[in-house]
Undergrad: 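Take this structure, written in structure tokens, and hold onto it; I'll ask about it next.
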There are 2 protein chains.
Amino acid sequence: MALGDKDVRVRLQQSALNLFAERGYERTTAAEIAARAGVTERTFFRHFPDKREVLFDGAAVLLSALTGFIETAPDGLAPLDVLFFAFNAVVPLLEANRHISHPRQEIIAATPALAERELTKHAAMAHALAKLLQLRGVSHLPAELAGHTGMAAFAQATTAWLDDPAIALSERLDLAYVGLKALWSAPTRAADAQTSPEAG
Amino acid sequence: MALGDKDVRVRLQQSALNLFAERGYERTTAAEIAARAGVTERTFFRHFPDKREVLFDGAAVLLSALTGFIETAPDGLAPLDVLFFAFNAVVPLLEANRHISHPRQEIIAATPALAERELTKHAAMAHALAKLLQLRGVSHLPAELAGHTGMAAFAQATTAWLDDPAIALSERLDLAYVGLKALWSAPTRAADAQTSPEAG
DNA sequence: GTCTATACTGAGATAGAC
DNA sequence: GTCTATCTCAGTATAGAC
């Protein structure tokens, strides 16, 4: 009607982000989000199947970008190297969206219901990455392992970078990559040995 | 009070498992679960903070067992080898509970809300494993990577074994272990190359 | 144990685009 | 006319407050 031609969906997302930042997720009702966007509560639920989803639209864009890079990754790379090739390739996209991702991440971290939904999104993305690896000849179970392992590293790198931008995202990814490989070789000491590590 | 001395909590869990199997999770109300267990709806929510939690009590027992084995794992093992040492050690426990885990897994797989909660439980367990590795001297970020990578492999092995017990759980764990290591070395072909793999 | 807010669903009506 | 987006109204179940 007269609230400007900007898409209702986008208005709902912005209203939600603002209200969640102001009062917190639980103290914000779907009706309030809808009202600020100039529509009714029912319209909110037609755009988003539940209240949480309003914060998770960006995942599709990211996945689409990752898909393109995985499909064009060089031949002969190992499964996890394919994934990290794509992760590094989407760094500019993530950097460009940091001003939205950062406050969003804080809201999610403060809200168990949203943290739970984010895990679901990560699992879905891990599964999508696995299917792309299968297109490159990786068999089912190893592909799923690669998807989940890669996503764990990707999520750790991006989360750490959102928390503390002093270390660049590409460097965070490198750290995660090196850290993953070391999980097979770096020895750990038994818990008992910890009591006198320098003494023995 | 005459419904037998079996703990109300356990009766609620059994009622829930049965009702979910009969009608599905969404078509079962908390009041119905409570009624079958001989208590009121209010009592249900006193035992479980939300309806989903009634299916996720076993995680604590499993984690407790894993904790013991990680603490007593041999000195000098790499992070992921510590975790797989513990995973293999709890195989008998899992095998003993298969008659409960199997129907439970089917209900969870059929119910998105429950699958989401299970991811949360897995993430919590990954985090717990990470903290145990930190007690063995592994630093924070690598420990978290190991926790999530290990949990992904553990979950894949147990899920596959619940679906198809023809392959033993210990063998499923071995397959996951080997599969993980190969993610760094086994080459993949580019998607384009797939169209004529034998022709070139 | 009682009461209530609110997330979510379904059916039907309206309005505009094409 | 169809199709799509929205609103209105009525309802149920969860979960938290009292």
Side-chain angles (χ1 to χ4, degrees), chain A residues 1-57 60 104 107-108 110-121, chain B residues 1-3 7-9 11-57 107-108 110-121:
Chain A
M1 317 202 186
L3 267 172
D5 281 306
K6 194 187 278 181
D7 203 294
V8 170
R9 188 180 182 85
V10 175
R11 289 211 312 272
L12 284 168
Q13 292 170 16
Q14 291 175 342
S15 303
L17 192 65
N18 293 336
L19 283 167
F20 293 165
E22 291 170 17
R23 321 180 194 172
Y25 173 82
E26 280 114 0
R27 292 169 178 270
T28 304
T29 69
E32 287 168 339
I33 300 168
R36 184 172 289 202
V39 296
T40 67
E41 179 187 9
R42 195 68 182 83
T43 298
F44 177 92
F45 284 109
R46 189 162 296 96
H47 280 276
F48 305 101
D50 63 50
K51 190 178 151 192
R52 307 174 186 184
E53 277 301 297
V54 72
L55 274 189
F56 292 93
D57 238 24
R104 206 188 68 121
I107 296 167
I108 291 173
T111 313
L114 292 174
E116 188 165 62
R117 177 56 52 85
E118 187 169 59
L119 289 176
T120 300
K121 296 299 181 185
Chain B
M1 299 286 171
L3 268 171
D7 201 76
V8 170
R9 188 180 182 86
R11 288 212 312 272
L12 284 168
Q13 291 171 11
Q14 291 176 341
S15 303
L17 192 66
N18 292 336
L19 283 167
F20 293 165
E22 291 169 19
R23 321 181 193 172
Y25 172 84
E26 280 113 1
R27 292 170 178 269
T28 303
T29 69
E32 288 168 338
I33 299 168
R36 184 172 289 201
V39 296
T40 67
E41 179 185 8
R42 185 66 181 83
T43 300
F44 177 92
F45 284 109
R46 215 166 51 77
H47 279 276
F48 305 101
D50 64 48
K51 189 177 150 192
R52 306 173 186 185
E53 279 297 309
V54 72
L55 274 189
F56 292 93
D57 238 24
I107 295 167
I108 292 173
T111 313
L114 292 173
E116 187 165 65
R117 177 57 52 86
E118 187 170 60
L119 289 176
T120 301
K121 296 298 181 185

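In what follows, chains carry the letters A, B, and so on, assigned in the order in which the sequence lines appear, proteins first and then strands, with residues in each chain numbered from 1. What you see is a predicted model; the values in this text were computed from it and never measured.
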Undergrad: Does the A:K121 side chain pair with the main chain of A:A60, one donor and one acceptor, at a distance under 3.5 Å?
TA: no
Undergrad: Return the nearest nucleotide to the side chain of A:T29; candidates are C:dT6, C:dC8, D:dA15.
TA: C:dT6
Undergrad: Calculate the interatomic distance between A:R42 atom CZ and D:dG11 atom P; express it in whole Å.
TA: 15 Å
Undergrad: Calculate the interatomic distance between A:E41 atom CD and C:dG10 atom C1'; express it in whole Å.
TA: 14 Å
Undergrad: Round to a whole Å and report the spacing from CG of A:L19 to P of C:dT6.
TA: 14 Å
Undergrad: Side-chain donor or acceptor of B:R46 under 3.5 Å from a matching atom on the base of C:dG1?
TA: no
Undergrad: For D:dA5, does OP1 or OP2 lie under 4.0 Å from any side-chain N or O of A:H47?
TA: no
Undergrad: Could you tell me whether the phosphate oxygens of C:dG1, OP1 or OP2, come under 4.0 Å of any side-chain nitrogen or oxygen in B:T40?
TA: yes
Undergrad: Quick one: pull up CD1 in A:I107 and CG in A:L114 and give me the separation to the nearest 0.5 Å.
TA: 8.0 Å
Undergrad: Rounded to whole angstrom units, what separation is found between the CZ atom of A:R9 and the P atom of D:dT4?
TA: 16 Å
Undergrad: Taking only Lys NZ, Arg NE, NH1 and NH2, and the carboxylate oxygens of Asp or Glu, determine whether B:K51 and B:E26 approach each other closer than 4.0 Å.
TA: no
Undergrad: Distance check needed: C:dA5 P versus A:R27 CZ, whole Å only.
TA: 16 Å
Undergrad: Quick one, A:R9 and A:R46 - any side-chain contact, counting heavy atoms below 4.5 Å?
TA: no
Undergrad: Could you state the CZ-P distance from A:F44 to D:dT8, rounded to the nearest angstrom?
TA: 18 Å
Undergrad: Rounding to a whole Å, what distance do you find between B:K51:NZ and C:dA7:C1'?
TA: 14 Å
Undergrad: May I have the distance from B:F48 (atom CZ) to D:dA13 (atom P), rounded to whole angstrom?
TA: 21 Å
Undergrad: So does A:T43 get a side-chain nitrogen or oxygen closer than 4.0 Å to the phosphate oxygens (OP1/OP2) of D:dC7?
TA: yes
